[in-house]
Amino acid sequence: MRKASFTLVLCSLLGPACEKEKTGQQTIPILPVVEGIIEENGYPMVRITRNMQYFAGTLPLMLPDSWVHNAVVTVSNGPNTQQLKEYRMTDGTGMPYWAYTVDTAFLPVAFRGETGKSYTLTIESEGKRYQSITTIPANGLRPDSVWWSPAKGGLMATLSGTPGSGSYARYFTARNQEAFLPGLHPLSSELHRNGTFEVMLTEGVDRSSAGLQQAFRIGDTVQLKLCNVDHQTYDFWRSTGSAWAEGKDPLGPQVRAKGNVSGAHGYWGGYSITIEQIILK
């Protein structure tokens, strides 16, 4: 089974989701946090944690109360619906986490993500129901060229999309044999109506390790993973990236990232994928 890569650490130092957060005179319900993806040609994978501290690091992931277990999680592509199964997994550092993904007992009838299709995520947990819809874009941004610019001190790319319409993407970078890390801000062609533009792609950020960036050097082999997303997924990552850049918690009371899961924080996003490789010279 293909293992999806997660780039966002969703964790909590607080108690159950039924507790409340107080901000001055305002009392705000503490909602569960959903991180769900379905990649092109990949199986859906969903992690559910309890709010708060969105980028608090890896240590709280070991706390059992950080995770929402035994939820009923289903994904539908319209004609077919499949129920996901909860598994205990480990990340690249050996830290445990729990995720809902395809039940290996039903692989022959399980569906994968396809471009141009929409997918409905439904979560039932602790008497509550949460839902979201995402689409894996059939068309979007594509890298025409990728190169290393010593003069500008970064990885550069020329991207093209459909002229006259908005295209949106997230990107990840991987140095040598290291894991893919997400760029701080997503990409949009909204300001480039001719469909083609040049952009600097900063090194990916390890959000679970004090925001450390991969440092590219001459001689490195760098992979660029460009993931086209729909507008709602773009809005989520745009708002979280802005908060992160300002040193704020995207789920804090003064920010509240623009998620797309009704009744919860977080997002459910579909990704179509293009991967390019470059040796820095």
Side-chain angles (χ1 to χ4, degrees), residues 1-12 16-18 30-51 54 58 60-92 94-114 117-136 170 180 182 208 227 229-230 232-233 236-237 251 257 259-271 273:
M1 180 180 71
R2 176 179 172 181
K3 183 178 178 181
S5 61
F6 279 88
T7 60
L8 179 63
V9 175
L10 307 176
C11 52
S12 170
C18 60
I30 294 179
L31 304 176
V33 178
V34 175
E35 182 191 13
I37 63 172
I38 180 165
E39 293 186 347
E40 173 187 358
N41 200 37
Y43 296 115
M45 187 173 288
V46 179
R47 299 200 298 186
I48 312 170
T49 56
R50 304 184 190 279
N51 207 5
Y54 210 48
T58 57
L61 297 182
M62 293 188 294
L63 300 176
D65 288 344
S66 295
W67 299 93
V68 174
H69 300 290
N70 303 315
V72 177
V73 182
T74 59
V75 174
S76 172
N77 63 1
N80 301 304
T81 299
Q82 59 189 20
Q83 182 170 334
L84 308 186
K85 183 177 179 179
E86 184 179 13
Y87 290 92
R88 182 185 185 276
M89 302 181 180
T90 55
D91 64 17
M95 296 291 292
Y97 67 91
W98 283 260
Y100 297 84
T101 187
V102 62
D103 189 338
T104 55
F106 297 98
L107 278 181
V109 295
F111 57 77
R112 299 172 183 257
E114 297 181 50
K117 290 191 175 182
S118 296
Y119 297 88
T120 300
L121 170 71
T122 303
I123 299 170
E124 296 182 6
S125 175
E126 300 175 348
K128 301 282 183 69
R129 190 172 188 264
Y130 313 97
Q131 196 166 63
S132 181
I133 300 175
T134 192
T135 300
I136 301 179
R170 294 190 72 202
F180 278 104
S208 66
C227 301
V229 299
D230 62 18
Q232 285 188 317
T233 303
F236 174 79
W237 289 111
L251 296 186
N260 65 351
V261 182
S262 63
H265 293 310
Y267 83 109
W268 164 239
Y271 293 177
I273 298 171

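Heads up: numbering here begins at 1 and tracks the sequence.
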Non-neighbouring partners of Q83 that pass side chain to side chain contact (heavy atoms under 4.5 Å, CB included), sequence neighbours left out: V72, T74
Please enumerate all residues that pass side chain to side chain contact (heavy atoms under 4.5 Å, CB included) together with N80, with sequence neighbours excluded. N77, F111
Keeping R112 on the side-chain end and N41 on the backbone end, is there a donor-acceptor pair under 3.5 Å? yes
If you apply the rule side chain to side chain contact (heavy atoms under 4.5 Å, CB included), what do you find for E39 with I273, and how did you get there? CA-CA 7 Å; E39 293 186 347; I273 298 171; 3.3 Å; yes
Atom CD1 of I123 and atom CZ of R129: how far apart are they, to the nearest 0.5 Å? 10.5 Å
Can you give me the closest heavy-atom contact between P32 and I48, atom names plus distance? CB-CG2, 4.3 Å
When rounded to the nearest 0.5 angstrom, what is the spacing between CD in Q232 and OG in S132? 6.5 Å
Find out whether V75 and L84 are in side-chain contact, i.e. whether some heavy atom of one side chain is under 4.5 Å from a heavy atom of the other. yes
Distance in Å, Y43 OH paired with I37 CD1, rounded so as to fall on 0.5 Å steps: 14.5 Å
Could you pull out all residues at least two apart from K117 that satisfy salt bridge (charged side-chain N to carboxylate O under 4.0 Å, His left out)? E114
Between OH on residue Y87 and CG on residue D103, distance to nearest 0.5 Å: 4.5 Å
Worked verdict on R50 versus E126 for salt bridge (charged side-chain N to carboxylate O under 4.0 Å, His left out): CA-CA 12 Å; R50 304 184 190 279; E126 300 175 348; 3.0 Å; yes
Quick one, M45 with M89, criterion side chain to side chain contact (heavy atoms under 4.5 Å, CB included). Give me CA distance, side-chain angles, the key distance, then yes/no. CA-CA 12 Å; M45 187 173 288; M89 302 181 180; 3.9 Å; yes
Here the gap from T135 atom OG1 to Y119 atom OH, rounded to the nearest 0.5 Å, amounts to 9.5 Å
Checking S125 now: which residues fulfil side chain to side chain donor-acceptor pair (under 3.5 Å) with it, not counting sequence neighbours? none
How would you list, by chain and number, every residue that makes a side chain to side chain contact (heavy atoms under 4.5 Å, CB included) with T233, sequence neighbours excluded? T134, V229, D230, W237, N260, Y267, Y271
Of all heavy-atom pairs linking I133 and S118, the shortest is CG2-CB, 4.4 Å
The criterion is side chain to side chain donor-acceptor pair (under 3.5 Å); which residues satisfy it with T120, sequence neighbours excluded? none
Less than 3.5 Å apart, any donor N or O on the side chain of Q131 or S262 sitting next to an acceptor on the other? no
Tell me, please, which residues at least two apart from E124 pass side chain to side chain donor-acceptor pair (under 3.5 Å). none
Nearest heavy atoms of Y100 and N70, plus distance in Å: OH-N, 3.1 Å
Could you measure the distance from the CG atom of L107 to the CD atom of Q82? Nearest 0.5 Å is fine. 9.5 Å
Has R88 got its NZ or CZ under 6.0 Å from the middle of the six-membered ring of Y97, at an angle within 45 degrees of the ring axis? no
Residues A264 and V34: closest non-hydrogen pair is CB-CG2, 4.2 Å
